[in-house]
Protein chains: 2
Amino acid sequence: MENSPFDLTYQNQGVDGKIIAALERVSQAFRVLLWNESKAYSLSPIQVQVLIFLLHHTEEKRKVSYLANEFNMTKATISDTIKTLEQKTLITKTSETHDTRSYTIHLTPKGQEVAARTSLFAREIQAPIGRMHPADQENLLLSLFDIIRHLNKAGVITLQRMCFTCAYYRPRHGDTEHFCQLLHRNLENMQLRIDCPEHAYAQ
Amino acid sequence: MENSPFDLTYQNQGVDGKIIAALERVSQAFRVLLWNESKAYSLSPIQVQVLIFLLHHTEEKRKVSYLANEFNMTKATISDTIKTLEQKTLITKTSETHDTRSYTIHLTPKGQEVAARTSLFAREIQAPIGRMHPADQENLLLSLFDIIRHLNKAGVITLQRMCFTCAYYRPRHGDTEHFCQLLHRNLENMQLRIDCPEHAYAQ
DNA sequence: CCACATAGTTAGGAATCCTATCTTTGTGGG
DNA sequence: CCCACAAAGATAGGATTCCTAACTATGTGG
């Protein structure tokens, strides 16, 4: 065995190195899938992302500044994207608030249709996840939560709507229990949210 | 409890939906980190990726076509990137093979230095992984392997150097054991490679 | 009411990444 | 031997991404 010419601990492929490499592959897959989907509908990747976001989020989040923050881009970039989407009659703007500087973005019926269809771009990634054992799913999700939580603390990802960054969230018994002050109850691991519509920022 | 105005199974946030969303967040983090690192060294993201790849891979993989396949881009894009890197004296070309159409790319000392430094761009993601329990690391890695294997079969990711797509790989006892015909032995879960230098394609 | 912050737009430019078209070189029948 | 074809890479040109910087217009607070 010692005579093997191959070193099993080759290069930086410790466990964490392997996990990083694997996550990078998955990231690449997302990029490729999103790119393909975009081309299929003659849209840009960011346009598709915006459409999908609009499909799943409420009024107060459907603004230029919010989207810019969400996608780590400048307002200029989003402003441009919105202009294009409007020209394609996929969205409309309404300024129903009393702040006339701002407006809310809405999907047109056509926009909803496109958004619904393109939102399936990740279905290839969903398939193997659906086949996993529930226990493995739970472990995977918790690991990812952990990573994201760290990235959030480190300032890499600025915006979150996950429980751990919410004003209503209270850890109990040293992180093993999760109490939501809005729902007034403990959340199971699988009930923790990554995109909660009621998320409130801690000050 | 039933009176709660909030539906815990809100939107597509079943387990797999949450995992997809989480993976997307991590992907975004990679993008942001890579972008930051690029700007810090006045390079483009793809230039950084190429430099890092060159640092870790051998001769026969350091060619334009291989890189194009690796990063899911056209040869034109890579050709351009290489030209720029050469102008920046970060790489050199040598045509030591007998096929004079092609050449091999080498890092200059300066290129190695930059590559080594930028290769740390993912360290923020590595930190939380390093702190996880070994068992959780193993679960995470196996789950990601599973997803990538599927993406590979589905043709989303064309190129791999992981055991599951290798000509030397033989599953045993229904996927619970992994035999490498090159090493002539079973591999433990944690010995499975995601970027094996000896990977050979199955025909 | 004036200074300042905030929402969004515009202009201009660097960079990404493509398609399509080339040149050159290797390869495999007939 | 040669001719057709494939394969490696380069080049030109263009659509798109995404930025910075400067701008307009509106809200807010001492």
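Chain letters run A, B, ... following the sequence lines, proteins first and then strands; every chain starts at 1.
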> Could you tell me whether the side chain of A:V156 reaches within less than 4.5 Å of the side chain of B:L33, counting heavy atoms only?
yes
> Would you mind telling me which of C:dG8, D:dA8, C:dT10 lies closest to the side-chain atoms of A:K83?
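Per side-chain heavy atoms of A:K83, the pick is C:dT10.
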> Over how many whole Å does the gap from B:I46 atom CD1 to D:dC18 atom P extend?
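Nearest whole value for this atom pair: 15 Å.
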> Could you check if a side-chain atom of B:Q49 sits within less than 4.5 angstrom of a side-chain atom of A:Q28, using non-hydrogen atoms only?
no
> Does any residue of residues 70-81 of chain B have a heavy atom under 4.0 Å from DNA chain D, and if so, which ones, in number order?
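Nucleic-acid contacts, sorted: B:K75, B:A76, B:S79.
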> Closer than 4.0 Å, any side-chain N/O of B:Y103 to the OP1 or OP2 of D:dA10?
yes
> Check whether any side-chain N or O of B:R185 sits under 3.5 Å from a backbone N or O of B:L182 as a donor-acceptor pair, and report yes or no.
no
> Whole angstrom is fine here: how far is it from CZ in A:R62 over to P in C:dA7?
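The answer, rounded to whole Å, is 18 Å.
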> Applying side chain to side chain donor-acceptor pair (under 3.5 Å), name anything that partners A:E138, two or more places apart in sequence or on another chain.
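Side chain to side chain donor-acceptor pair (under 3.5 Å) list for A:E138, sorted by chain: A:N189.
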> Across the strands shown, which category fits A:I82 at heavy-atom distances under 4.0 angstrom: base, sugar-phosphate, nothing?
nothing
> I'd like to check the side chain to side chain donor-acceptor pair (under 3.5 Å) partners of A:E60; sequence neighbours left out, ordered by chain and number.
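By the side chain to side chain donor-acceptor pair (under 3.5 Å) rule, A:E60 matches A:T58.
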> Check the distance between C:dT10's C1' and A:E86's CD and give it to me in whole angstrom.
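Computing the A:E86:CD to C:dT10:C1' distance gives 15 Å.
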> Rounded to whole Å, how long is the line connecting atom CD of B:Q47 with atom P of C:dC17?
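Value for this atom pair: 10 Å.
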> Roughly how many Å is it from CD in B:Q87 to C1' in D:dT11, rounded to a whole number?
13 Å
> Enumerate all atom pairs, one protein N or O and one N or O from nucleotides 22-24 of chain C, separated by less than 3.5 Å.
none

> Would you indicate whether the side-chain heavy atoms of A:Y41 and A:Q47 approach each other to under 4.5 Å?
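SC-SC contact between A:Q47 and A:Y41 ruled out.
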> If you look only at pairs with a residue in residues 25-41 of chain A, which of them pass as a salt bridge (charged side-chain N to carboxylate O under 4.0 Å, His left out), with sequence neighbours excluded?
A:R25-B:E70
> Can you list, pair by pair, the side-chain donor-acceptor contacts under 3.5 Å of residues 106-118 of chain A, counting residues two or more places apart and other chains?
{"from": "A:H106", "atom 1": "ND1", "to": "A:R62", "atom 2": "NH2", "distance (Å)": "3.3"}
{"from": "A:H106", "atom 1": "NE2", "to": "A:T94", "atom 2": "OG1", "distance (Å)": "2.7"}
{"from": "A:T108", "atom 1": "OG1", "to": "A:T89", "atom 2": "O", "distance (Å)": "2.9"}
{"from": "A:T108", "atom 1": "OG1", "to": "A:L90", "atom 2": "O", "distance (Å)": "3.2"}
{"from": "A:T108", "atom 1": "OG1", "to": "A:G111", "atom 2": "N", "distance (Å)": "3.0"}
{"from": "A:K110", "atom 1": "NZ", "to": "A:K88", "atom 2": "O", "distance (Å)": "3.4"}
{"from": "A:K110", "atom 1": "NZ", "to": "A:T89", "atom 2": "OG1", "distance (Å)": "3.3"}
{"from": "A:E113", "atom 1": "OE2", "to": "A:R117", "atom 2": "NH2", "distance (Å)": "2.2"}
{"from": "A:T118", "atom 1": "OG1", "to": "A:V114", "atom 2": "O", "distance (Å)": "2.9"}
{"from": "A:T118", "atom 1": "OG1", "to": "A:A115", "atom 2": "O", "distance (Å)": "3.2"}

> Which parts of residues 28-43 of chain B get close to DNA chain C, meaning a heavy atom less than 4.0 angstrom away?
none
> For A:K93 and C:dA7, is the shortest distance between a side-chain N/O and OP1 or OP2 below 4.0 Å?
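No, because none of the side-chain N or O atoms of A:K93 sits under 4.0 Å from OP1 or OP2 of C:dA7.
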> With sequence neighbours left out, what residues match A:S119 under side chain to side chain donor-acceptor pair (under 3.5 Å)?
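Scan of A:S119 (side chain to side chain donor-acceptor pair (under 3.5 Å), adjacent residues dropped) gives none.
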> So does A:M190 get a backbone contact from the side chain of B:K18, meaning a donor-acceptor N/O pair under 3.5 Å?
yes
> Taking only N/O atoms, report every protein-nucleotides 1-5 of chain D pair under 3.5 Å with atom names and distance.
none

> Going by atom type alone, with no hydrogens or angles, which donor-acceptor pairs under 3.5 Å involve a side-chain atom of residues 143-154 of chain B and a protein atom two or more places apart or on another chain?
{"from": "B:S143", "atom 1": "OG", "to": "B:N139", "atom 2": "O", "distance (Å)": "3.0"}
{"from": "B:R149", "atom 1": "NH2", "to": "B:D175", "atom 2": "OD2", "distance (Å)": "3.2"}
{"from": "B:H150", "atom 1": "ND1", "to": "A:R131", "atom 2": "NH2", "distance (Å)": "3.4"}
{"from": "B:H150", "atom 1": "NE2", "to": "A:E124", "atom 2": "O", "distance (Å)": "3.3"}
{"from": "B:H150", "atom 1": "NE2", "to": "A:E124", "atom 2": "OE1", "distance (Å)": "3.2"}

> Which residues satisfy the side chain to side chain contact (heavy atoms under 4.5 Å, CB included) test with A:E24, sequence neighbours excluded?
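Only A:I20, B:F30, B:F121 meet the side chain to side chain contact (heavy atoms under 4.5 Å, CB included) criterion with A:E24.
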> Name the atoms and distances for all side-chain donor-acceptor pairs under 3.5 Å in residues 74-82 of chain B, with sequence neighbours left out.
{"from": "B:T74", "atom 1": "OG1", "to": "B:T77", "atom 2": "N", "distance (Å)": "3.4"}
{"from": "B:T74", "atom 1": "OG1", "to": "B:T77", "atom 2": "OG1", "distance (Å)": "3.0"}
{"from": "B:T81", "atom 1": "OG1", "to": "B:T77", "atom 2": "O", "distance (Å)": "2.9"}

> Please check if the side chain of B:H199 supplies one atom and the backbone of B:R193 the other of a donor-acceptor pair under 3.5 Å.
no
> Does B:S65 place a side-chain N or O at less than 4.0 Å from the phosphate oxygens OP1/OP2 of D:dG9?
yes
